[in-house]
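Working notes, structure below.
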Amino acid sequence: MLNKQGRQTTPNAGADNSGPAGGYATIGGHKGLEHEEPLIFEQGEPGRCGVDLPAPANVAERLGGLRRKGAIGLPGLSEPQVIRHFVRLSRKNYAIDMGVFPLGSCTMKHNPRLNEKLARLKGLGDLHPMQPESTVQGALALIDELAGWLKTLTGMPAVAMSPAAGAHGELCGLMSIRAALIARGDARKRILAPESAHGTNPATAAMCGYTVDPIPATADGRVDLEALRAKLGPDVAAIMLTNPNTCGLFERDIRQVADMIHSIGGFFYCDGANFNAIVGKVRPGDLGIDAMHINLHKTFSTPHGGGGPGSGPVVLSDALKDFVPLPYVIHDANGYRLVEQDESGKSFGRMKGFHGQMGMFIRALAYMLSHGGDGLKRVAEDAVLAANYVMASCDDVMSPAFAGPCMHEALFDDSFLKDTGVSTLDYAKALIDEGYHPMTVYFPLVVHGALLVEPTESESKDALDHFIMVLRGLAERAQSKQAADYFHGAPYLVPRRRLDETQAARKPVLRWKPAQDNKAAAE
Amino acid sequence: MRYLGQTAADRQAMLAKIGVADIDALFKDVPADALNAAIELPDHRGELEVERHIGALAARNLSPADAPCFLGAGAYRHHIPAAADHLIQRSEFLTSYTPYQPEIAQGTLQYLFEFQSQVALITGMDVANASLYDGATACGEAVLMAQRATRRQKAVLSGGLHPHYRGVVETLMRQTDQPYLAAPMDAEGNEDLAALIDEQTACVVVQNPSLFGHVRDLRPLAKACQAKGVLLIVAVSEVVSLGLITPPGEMGADIVVAEGQSLGVPLSFGGPYVGLFAAKEKFLRQMPGRLCGETVDQDGKRGFVLTLSAREQHIRREKATSNICTNSGLCALAFTIHLSLLGEAGFTRLAEINHAKAVELAGKLDGLKGIKLVNGSFFNEFTLALPKPAAGVVEALAKKGILGGVPASRLWPGEKAAEHLLLVSATEMNTEHDMSALRSALEEVL
Amino acid sequence: MTLYFTKDHEWIDVAGDTGTVGITVYAQEQLGDVVFVELPEPGRGVKQGGEMAVVESVKAASEVYAPVSGSVVESNDALAADPSLVNQDAEGAGWFTKIKLSDSGELGGLMDRAGYDAFVKSLG
């Protein structure tokens, strides 16, 4: 009563904070800090420009008569307009810097800003890839130093640095295996991969001309050794296995798997997407693998940047170490050399333009140097600790898919939602209103309604406790009969609610198009 | 360790909750002798120490900021507006991921839609995807797509195609023993690719401007391709050229791939860059990579989602159009911001400046000490025939602190005709002083 | 007119030497909202059990296999404009192709309606 004359300190009961203001819709469409933002094409005016460029010198044109006729159709905006546009867009995104981002299999960990600064250093960020070797000795030394860390951490003798992302690394690994097989006159046809594999595994195998033979899992989420044995044969080129696997579990029979595949003359490709769980703690080279890609954008924290760029170096065993892509860096008496042409006759060729994702190498090396060997081991331990903590804190109200302990990811199935009318998707969408990015859902495919939670080592216990409170709260709320409609409608407190993916796919609109009259005018 | 959030007490409390005595109990599935292997690496370091370490490596390189730089050959030195590099470092862009949850990723999705629209406009094509790794890998994907679309196998590769692009295509083709026909080096820009087409040909890949800088009218080649049901793939390694040159789409290209680095993306010693990929609408479902599409949300408001995902590896697995997953999102954002800042007027002006600089430079060098300009036409890069092997000249120039060009022999090793050729590029970054410095230095070393 | 079904959830309605082929109501339910159907061009030969068409929903893609061998006589152009016909009327207006049978003996290996219903039930 006392504060009746002053400001109200609690919202009105039943007020819908997402909707109209005090019963009115806002006049201009914005909602406080949340701005509606048209496409850049809808705000331009010809004659505006966000850069000032001098007039070009008057020269005799030498374009072979191919100067463009007519306008392109790009909008013109001032610098403040452009900045405001992209700042407004940025505010419609969730990000690691905002909160827990437990997207399983993606390793959304903290991205140190030091690494951004270093990638932009003069003498690194501005180096041209075709500078003479003598002018880039520091850059080549940096690549070599990062390669050294990767080899030491994995216990492998060689590493191919040029692949641009994880899937590109898989491609590199399989090309290496194929080249090694052909070199011994033993081209093979089949790749074995668990049913729970990332989709990139079979897609990559197909690009190398292999057929993919799926291996089922056991009831405890690991490769079924007997089923694997039954699939072995002289035509098997390799097995592709993720370890820790996509169910968040360590393949405890990994050495038997290695022995089995080696016994028939095949190779062991390990998908290293989940290396974060064991970095500094276990060396894949001690487990019998022949090739493994490392997602620098996962384990070594180069920013995911809304879907890339990534980087996917591939460590190789003795048997594969000569079968590498071009180019590569070597070190001899005269310093560092960038080998761009095959000198051994064993390279399988080029995979991308220039020499690899240098900008990512700088960031990853900075991350490694910052952590050191001691810190990296701690990374794996804390990541695994966090996932097990989430699992142990929720196992009474949610349903872990497999008995623990897990590695760096806690996997739940949807049996805790059985008969509630709430689906995995609904549960995930409700998390959005709670200020969290949902976990990975419906992957791996081998678990019904899967929810894959990867908290990473970046989260403090306090942050995990809040997240756990929400996970539990939603699981409990789902049990209430009245809650199903609420879940179906979620999320509510977002710039856009659930989007119509069916319409998007049935009638694809993939670009802005000028209105017909604009186009006619332009021509 | 500044990046880790747990205290010793936290760790103890968490282990207690889990019900294990120590951390290694959680690693019990790891073979015991492989756990906690001794890994010899230095201990953690502070920011200052790391900065010193990497700064020392940077100091061992010759920065193009300190040397007149005329290097191109698929990567170009351009000015990046301050706003572009600032905006891409906003947390919400930098530390987000692939927009799997569109309700909280409309920022990323909208800029991808804008990116796709810009790429389609500047290439003159119907549709574009949300980016691939770089121009060279985009070129490889284009060839695989042409094989799917035509159900034919053979690729014909121009002798003016960047050897890195060509190399990527060849590596991919070799995996499945597909035939390809790589035309001989074409420094003069007068090859006749139409003559190489036959009934098995799926596609012809040609670069414009070519590696050697020639700007060619592709319409006759497009016509010849169409007549035989062959797809014309046009690669553009300098995207700024599209500000001035007739776009490939207008000349009849079926697929256009490009290196987008020139807009917003730093040279960074070769990566990460951003591959542009555009095609005619009828090939939409054969396209690789992610696509962003417009739709509406539950309340009827316009929004954006990733769409046509049934082409992709996470659904189609071994039958996917590509294995690509992570692409080049942040570089695509940099591209989109830079091109938004430029707009129609700025993009055209930037291209005009580049062309004018190159024309000026070619004029300064052609005829100097036996140097001959090879090109009739060019955009911002041309080829010089030197009286001496170009590799040695480039080394000698580097000793004088000038990054004088790319010797063709580095890209065409063993090719006799390449030995004396030097690729030279000029952009808005090159001053009058730079050009004079190159001229005088060449006078001395030749 | 006789209806037959396959274990891959295709149906074929045979009249004379021609059969109309589509996917079953159960199949479209499993797929969800169909967004695209890739159909074979008329004249193409198909083999029993071989890939004949592709059907895509937002979240899945599936090959459609020819229930019999023969040659494609006609494909349902209406699906290009409106793929939702497969969801609305899978066993009617949402048909895929008409095939001229080369060996009517192959029909013997297919299921009838009752057999198919029992098969679906066994899938849980």
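Computed from a predicted model, the values in this text were never measured in an experiment. Numbered from 1 within each chain, the chains take letters A, B, ... in sequence-line order.
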R252(A) and D29(B): salt bridge (Lys or Arg N to Asp or Glu O under 4.0 Å), yes or no, with the steps? CA-CA 5 Å; R252(A) 66 172 83 90; D29(B) 291 328; 3.2 Å; yes
Hey, are K117(A) and E51(B) close enough for a salt bridge, meaning a charged N less than 4.0 Å from a carboxylate O? yes
Run the numbers on D126(A) and S63(B) for side chain to side chain donor-acceptor pair (under 3.5 Å), then give the verdict. CA-CA 7 Å; D126(A) 60 351; S63(B) 160; 2.6 Å; yes
Polar side chain donor-acceptor pair, N323(B) to T200(A), under 3.5 angstrom: no
Is the backbone N or O of G73(A) less than 3.5 Å from a side-chain atom of E344(B), with the two atoms forming a donor-acceptor pair by type? yes
Using a 4.5 angstrom heavy-atom cutoff, name the option from T204(A), I278(A), L376(A), L365(A) with the most pairs to chain B. T204(A)
How many angstroms lie between atom CZ of R283(A) and atom CG of L35(B), to the nearest 0.5 angstrom? 12.0 Å
Exercise: identify the closest heavy-atom pair between L124(A) and A58(B): CG-CB, 3.6 Å
Neighbour count above 12 (heavy atom, 6.0 Å) for R91(A) CZ: no
Measure the acute angle between the ring planes of H162(B) and F354(A), then classify it against the limits of 30° and 60° as parallel, tilted or perpendicular. perpendicular
If only atom types and distance count, is the side chain of D297(B) paired as donor or acceptor with the main-chain N or O of D500(A) below 3.5 Å? no
Main-chain N/O of A34(B) paired to D286(A) side chain as donor or acceptor, under 3.5 Å: no
For T95(B) and D97(A), indicate whether the former's side chain and the latter's backbone hold a donor-acceptor pair under 3.5 Å. yes
Rounded to the nearest 0.5 angstrom, the CG-OG1 distance for L103(A) and T98(B) is 8.5 Å
Taking all non-hydrogen atoms of both residues into account, name the closest pair between L308(B) and A505(A) and its distance. CD2-O, 3.7 Å
What part of F101(A) is in contact with chain B, defined as an atom under 4.5 angstrom from a non-hydrogen atom: side chain, backbone, both or neither? side chain
Using the six-membered ring of F27(B), assess whether NZ or CZ of K281(A) lies under 6.0 Å from its centre and within 45 degrees of the ring axis. yes
When every non-hydrogen atom of F378(B) is compared with those of L63(A), the smallest separation belongs to O-CD2, 3.6 Å
Counting heavy-atom pairs under 4.5 Å with chain A, the top scorer among Q313(B), R60(B), E103(B) is E103(B)
Check whether the side chains of R350(A) and H164(B) place a donor and an acceptor atom closer than 3.5 Å, and report yes or no. yes
V509(A) backbone acceptor or donor facing E294(B) side chain under 3.5 Å: no
At what distance, to the nearest 0.5 angstrom, does CZ of F348(A) lie from CD of E170(B)? 14.0 Å
Going by atom types alone, do S370(A) and R2(B) pair a side-chain donor with an acceptor below 3.5 Å? yes
May I ask you to decide whether D33(B) forms a salt bridge with R255(A), counting only side-chain N to carboxylate O separations under 4.0 Å? yes
Before you tell me yes or no, could you show the steps for T246(B) and R68(A) under side chain to side chain donor-acceptor pair (under 3.5 Å), namely the whole-Å CA-CA distance, both residues' side-chain angles and the distance that decides it to 0.1 Å? CA-CA 4 Å; T246(B) 304; R68(A) 177 167 46 76; over 6 Å; no
Verdict with reasoning, D177(B) to R178(A), per salt bridge (Lys or Arg N to Asp or Glu O under 4.0 Å): CA-CA 12 Å; D177(B) 303 317; R178(A) 188 172 179 276; 3.4 Å; yes
So how far is it from S340(B) OG to I83(A) CD1, rounded to the nearest 0.5 Å? 12.0 Å
I need the residue from V359(B), V305(B), V406(B), L339(B) with the largest number of non-hydrogen atom pairs under 4.5 Å to chain A. V359(B)
Between the side chain of H128(A) and the main-chain N/O of F269(B), is any donor-acceptor distance below 3.5 Å? no
Proximity breakdown for N111(A) and chain B, heavy-atom pairs closer than 4.5 Å: side chain
Chain B heavy atoms under 4.5 Å from M108(A): which part of the residue, side chain, backbone, both or neither? side chain
Is there a salt bridge (Lys or Arg N to Asp or Glu O under 4.0 Å) between R410(B) and E340(A) once you walk through the steps? CA-CA 8 Å; R410(B) 184 165 169 188; E340(A) 295 182 288; 2.6 Å; yes
Quick one: sort the H304(A) and Y97(B) rings into parallel, tilted or perpendicular, breaks at 30° and 60°. perpendicular
Salt bridge check, R120(A) against D85(B): does any charged N sit closer than 4.0 Å to a carboxylate O? yes
Using modelled atom types and a 3.5 Å cut-off, is there a donor and acceptor pairing between side-chain atoms of N93(A) and backbone atoms of E92(B)? yes
Any donor-acceptor pair under 3.5 Å linking the side chain of S117(B) with the backbone of W512(A)? yes
Could you walk me through whether K92(A) and T108(B) pass the side-chain contact (heavy atoms from CB on, under 4.5 Å) test, one step at a time? CA-CA 8 Å; K92(A) 298 173 195 293; T108(B) 296; over 6 Å; no
Is R67(A) salt-bridged to E352(B), cutoff N-O under 4.0 Å? yes
Pair K352(A) + D134(B): basic N to acidic O under 4.0 Å: yes
Heavy-atom pairs under 4.5 Å with chain B, option from L127(A), L89(A), L53(A) with the top count: L127(A)
Could you tell me which of N36(B), L62(B), L330(B), L341(B) has the largest number of non-hydrogen atom pairs under 4.5 Å with chain A? L341(B)
Highest number of heavy-atom pairs under 4.5 Å with chain B among G76(A), P491(A), S458(A) belongs to P491(A)
